[in-house]
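Just so it is clear: chains get the letters A, B, ... in the order the sequence lines come, proteins before strands, and each one is counted from 1. The model shown is predicted, which means the values in this text are computed figures rather than measured ones.
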Amino acid sequence: GENVEQHPSTLSVQEGDSAVIKCTYSDSASNYFPWYKQELGKRPQLIIDIRSNVGEKKDQRIAVTLNKTAKHFSLHITETQPEDSAVYFCAASKFAGGTSYGKLTFGQGTILTVHP
Amino acid sequence: NAGVTQTPKFQVLKTGQSMTLQCAQDMNHEYMSWYRQDPGMGLRLIHYSVGAGITDQGEVPNGYNVSRSTTEDFPLRLLSAAPSQTSVYFCASSSLLYAGGPNEQFFGPGTRLTVL
């Protein structure tokens, strides 16, 4: 089955700096890669996702890049703020055309701390 | 809409006891799933369902049973609890309506289970 590795496990940055979290996946058939943010004691929430037919996607301060050849994808957060502090999870799945779900395989998570 | 709800929020069991974690959604989502979250291991899929009467195993199904008699409810049963099942459990749901790509999975607030 699919295996997703996520690095680093912890990341500490100063407010205003950029943060980058990287994930690698094993199944070359995976084609959907969401990122979830989980604040302490809360539920995971989708913040951005990318499909395999796209190399990069941006949403304000958040961007995700995908390298299908190398089987890795990354989350980039620019101009970090203290409220970005949370656990971030990457995931991968095989989305089949005609259906709109896929079993998600998650990475281990990255604890991001943004210091004021 | 309440979204995805889970009960109870917290539960302590003794080894060998049984219990059912409840999950309900009011978004008419066909797809529902259960994950467990353990430190350093991300979220792992236990069981999932694509509609009433249809369930399948995920990555870590042993020790857990599910059934889906209605679209709204997807309970998770622990028949004989073990300390290894101490974890935070999340239920998630998404629509199967094809919209050109994978639909977002919405998570419930979680149930923190401790097995002594």
Most heavy-atom pairs under 4.5 angstrom with chain A, which of B:G110, B:P39, B:P109?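 The answer is B:P109.
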Hey, which of B:G58, B:A92, B:G40, B:G108 has the most heavy atom pairs under 4.5 Å with chain A?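 Heavy-atom pair counts peak at B:G108.
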Counting only heavy atoms closer than 4.5 Å, note whether B:F107 contacts chain A via side chain, backbone, both or neither.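 For B:F107, heavy atoms of backbone and side chain both lie under 4.5 Å from chain A.
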Which atoms of B:L43 come close to chain A, meaning under 4.5 Å heavy atom to heavy atom: side chain ones, backbone ones, both, or neither?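 B:L43 touches chain A through backbone and side-chain heavy atoms alike.
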For the atom pair CD (B:E104) and CG (A:D49), what is the distance rounded to the nearest 0.5 Å?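 It is 8.0 Å, given to the nearest 0.5 Å.
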If I take atom CD from residue B:Q105 and atom CG from residue A:L104, how far apart are they, to the nearest 0.5 angstrom?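 So the CD of B:Q105 and the CG of A:L104 are separated by 4.5 Å.
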Pairwise side-chain contact, B:F106 with A:R43, heavy-atom cut-off 4.5 Å (strictly under):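 A side-chain contact is absent here, since even the closest heavy-atom pair is not under 4.5 Å.
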If you count every heavy atom of other residues, nucleotides or ligands that lies below 6.0 Å from [X] atom [atom1], does the total exceed 12?
| X | atom1 | value |
| --- | --- | --- |
| B:R112 | CZ | no |
| B:Q17 | CD | yes |
| B:L116 | CG | yes |

Could you see if [X] belongs to whatever hydrophobic cluster contains [Y]? Use Ile, Leu, Val, Met, Phe, Trp, Tyr and a side-chain cutoff under 4.5 Å.
| X | Y | answer |
| --- | --- | --- |
| B:L113 | B:V88 | no |
| B:V4 | B:I46 | no |
| A:V54 | A:L75 | yes |
| A:V64 | A:L11 | yes |
| B:Y35 | B:L76 | no |

Test A:F106 against B:Q37 for side-chain contact (heavy atoms from CB on, under 4.5 Å), laying out the working first. CA-CA 10 Å; A:F106 283 85; B:Q37 183 176 26; over 6 Å; no
Apply side-chain contact (heavy atoms from CB on, under 4.5 Å) to the pair A:K103 and B:Y31, showing each step before the final yes or no. CA-CA 10 Å; A:K103 292 185 290 181; B:Y31 181 77; 4.1 Å; yes
List the atom of B:G42, the atom of A:F89, and the distance in Å for their closest heavy-atom pair.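 Taking B:G42 first and A:F89 second, the nearest heavy atoms are CA-CE2, 3.5 Å.
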Contact origin within A:Q38 toward chain B - heavy atom pairs under 4.5 Å: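 It is the side chain, since no backbone atom gets that close.
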Please flag which part of A:P34 lies under 4.5 Å from any non-hydrogen atom of chain B: side chain, backbone, both or neither.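 Interface part for A:P34: neither.
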